[in-house]
Amino acid sequence: MSGGSRSLPARPSLRFLRLEAKRRLAAGEFPTLHEAQAAIAWEHGLPSWAALKQACAQARLPESPEPAQESHALAQLRWLISRFSDAGRPGWTPPADDELAEHFDDRLLAVVPAGRLVAQLGKAVPKTPDLREELVVLGQAPLEAHVQLAGTRYLAVVDADPPHRLTGLRGFPLAERITDPRLTAPPPVHIYGTFPDQTVGRAPEAPEAPEAPEAETAELLAIADDAFSQLGLAALVLAGGEPGRPGWVVAKGYADLDRAEVLDAGRRFAAPGVTALVTATAVLRLVAEGRFGLDAAANDHLRTVRLADDAITVRQLLSHAGGVDNPAELYADSVPDLVTLYGPVVPCSGPRGTARPSNGGYAVLGQLIADVTGMSYARASTRLVLDPLGMRDSRFPARAADIGADAVTGYTVTPEGVFSPAPARVPTVSAVAGLWSTGPDLVRLGTTWSSLLPAALARQALTVQAEPEPGGYRVGLGWLLGQNDDTAVHSGAGLNDVAFLRVRVRDLRTHVVLTNRAIMLNSIDARLRQAWNH
């Protein structure tokens, strides 16, 4: 059947549709529950039960208000498109330094100098004419825009202060741009139904559908399949769990393409951004032990460096509200000490009291942990967090050479659409991005971090501590908190990797996404939230 003969109501009930499928199975209309569910989906004009579930979940979501005005980031993108769309054609004049400075923030131009930026954009347009295609807006907020041009998605971020210059711009080629012959065949996939022993089995059934675990497994596999077919990946891990129940992992692709090493759940990925959950939990453990208070001035306990502002508190650092400047260098062959990155005094030129994501603030928290415990950040965080939670497969390599052969290879995509192994490097700030971990270990982190803390302190961590800039997240003690839902997030993107962890606040039900190529995970997260009942 196709095309459907009836439409979904405005507020569809998936529970009612499941009961209908059971009734029709009991009546003998279908030999299996799966076939009954598929038939009901087809009758509603949808190709599968998974698609029907997604439609029901989407219908229950509150409508997102439209921005009061077009995103400042989108306005800058439109300037960029209009200015560079004729690059490479006769008569086109590249923008001079002063024109670029009107649209690109000084911090971005410090990393990519004006001449190199113009050269990169000018060369890219004739080869891949994205800027001459129609712009598709996938999402926008006052200071951020997510768009698609031809076969590439872009994320643009601008400064909060007028003239809202670009502070970040990154492109992510989609699968249609990938031509690598090593991925012409469907990548292998493994499903692990329990861990830590990684016994192969089915993914656990969703709470609303204990009668159909096969359908839930199929939905998770469909999410992984669609991510590969749409986003262009070499390796992907999806993992989830909740306190007191077995977790699950779906691992798809290759840990190393040149060696054709199939990915499994035991391979380590870089965990940029998610590392901050380890840092925040370690700091909160020290607070619980009475080493310092949340509202203590951080400078009262720092020994190796000092903040330029003596009034900044531990709470403000945890909630990204201290205004600490970010380091200029983000990756190196080995982890430098903080004095090498900043000098003896860490500048604090950002806004105080407003949540603005700050790698610099967490760099200082990492030093605070080291100074108070008398150990390195890596050793102290391992003792305070990793070891107590049983995260045996997680570590903080101090040098690129220490990452290890059991870690996945990171990749970039060449202009020709081929995966190219990226040189191994480590983040300069271990407290933000230095953790290498597995899907199962990160699920343990998400589901059990609060067990290390007094209940009241754990609740504070998931309570708003600082309000955001326009369009930003509210922030707890480290956690980014949703505006209209019951979830909290830690996430980040590195040079060639992305890590994402979302928990449901009321019960710490967790899902994790890991890749070894930098992409945007919005679509994967949205589907996991529906499948995993966030």
Side-chain angles (χ1 to χ4, degrees), residues 8 12 14 17-18 37-38 41 44-64 136 138-139 146 148 153 155 172 174-176 186-187 189-192 202-209 212-233 235-242 247-253 263 274 439 442-443 446 480 482 484-491 493 498-504 509-515 517-534:
L8 285 171
L14 186 60
L17 293 171
R18 284 198 174 103
Q37 292 174 333
H44 285 90
L46 295 163
S48 67
W49 181 254
L52 180 62
K53 288 180 62 179
Q54 183 173 348
C56 290
Q58 189 63 42
R60 294 197 301 268
L61 293 176
E63 293 186 4
S64 299
V136 178
L138 302 176
H146 176 202
Q148 185 166 327
R153 289 181 180 173
L155 176 65
F172 307 89
L174 299 174
E176 61 193 84
V189 61
H190 291 294
I191 309 169
Y192 301 86
R202 299 180 305 200
E205 58 269 28
E208 293 185 13
E214 295 87 353
E216 302 303 326
T217 300
E219 189 163 2
L220 293 168
L221 288 174
I223 294 170
D225 289 343
D226 290 347
F228 266 77
S229 65
Q230 296 169 12
L231 301 178
L233 302 175
L236 171 68
V237 163
L238 310 177
E242 56 188 302
W248 53 266
V249 187
V250 174
K252 180 165 184 170
L263 181 68
V274 178
L442 292 181
V443 171
L480 304 182
N484 301 310
D485 61 20
D486 179 38
T487 68
V489 168
H490 275 280
S491 66
V498 183
F500 185 93
L501 182 151
R502 185 184 292 277
V503 304
R504 192 165 62 184
R509 173 178 269 227
T510 297
H511 72 245
V512 167
V513 184
L514 297 169
T515 72
R517 181 205 151 200
I519 60 167
M520 298 191 72
L521 298 178
N522 312 52
S523 58
I524 299 176
D525 173 51
R527 290 190 63 182
L528 279 174
R529 291 183 70 179
Q530 293 166 356
W532 193 221
N533 197 34
H534 275 325

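Numbering of residues begins at 1 and proceeds along the displayed sequence.
With sequence neighbours left out, the side-chain contact (heavy atoms from CB on, under 4.5 Å) criterion links Ala251 to Tyr192, Val237, Leu263. Looking at residues two or more places apart in sequence or on another chain, you find a side-chain contact (heavy atoms from CB on, under 4.5 Å) between Ala227 and Leu231, Leu233, Leu236, Ile524. Partners of Asp225 according to the side chain to side chain donor-acceptor pair (under 3.5 Å) rule, which considers only residues two or more places apart in sequence or in another chain, are Lys252.
Within the model, atoms OG of Ser523 and CG of Leu138 stand 9.5 Å from one another, a figure rounded to the nearest 0.5 Å. Between Arg509 atom CZ and Asp486 atom CG the span is 12.0 Å, to the nearest 0.5 Å. Once rounded to the nearest 0.5 Å, the distance linking CG of Leu521 with CG of Leu514 reads 9.0 Å. Note that OG1 of Thr487 is 4.0 Å distant from CZ of Arg529, once rounded to the nearest 0.5 Å. Rounding to the nearest 0.5 Å gives a distance of 9.0 Å between CD of Glu242 and OG1 of Thr510. In this structure, CZ on Arg502 lies 12.0 Å from NE2 on His490, to the nearest 0.5 angstrom.
The shortest non-hydrogen separation linking Phe500 to Ser491 is CD1-CB, 3.5 Å. Of all heavy-atom pairs spanning Pro187 and Gly253, the tightest one is CB-CA, 3.7 Å. Nearest heavy-atom pair across Ile223 and Ala531 is CD1-CB, 4.0 Å. Looking at every heavy atom in both residues, Ala518 comes nearest to Val498 through CA-CG2, 3.6 Å.
When side chains are defined from C-beta on, Gln148 counts as touching Leu174, because their heavy atoms get closer than 4.5 Å. Taking 4.5 Å as the limit, every side-chain heavy atom of Val274 sits out of range of all side-chain heavy atoms of Val512. Looking at Val443 and Trp248, their side chains never come closer than 4.5 Å, going by heavy atoms from C-beta outward. In this structure, the side chains of Asp226 and Arg527 come closer than 4.5 Å at one or more pairs of heavy atoms.
Screening Leu238, Ile519, Asp525 for a side-chain contact (heavy atoms from CB on, under 4.5 Å) involving Val513 leaves a single residue, Leu238.
In this structure, Arg517 contributes its side chain and Gly232 its backbone to a donor-acceptor pair below 3.5 Å.
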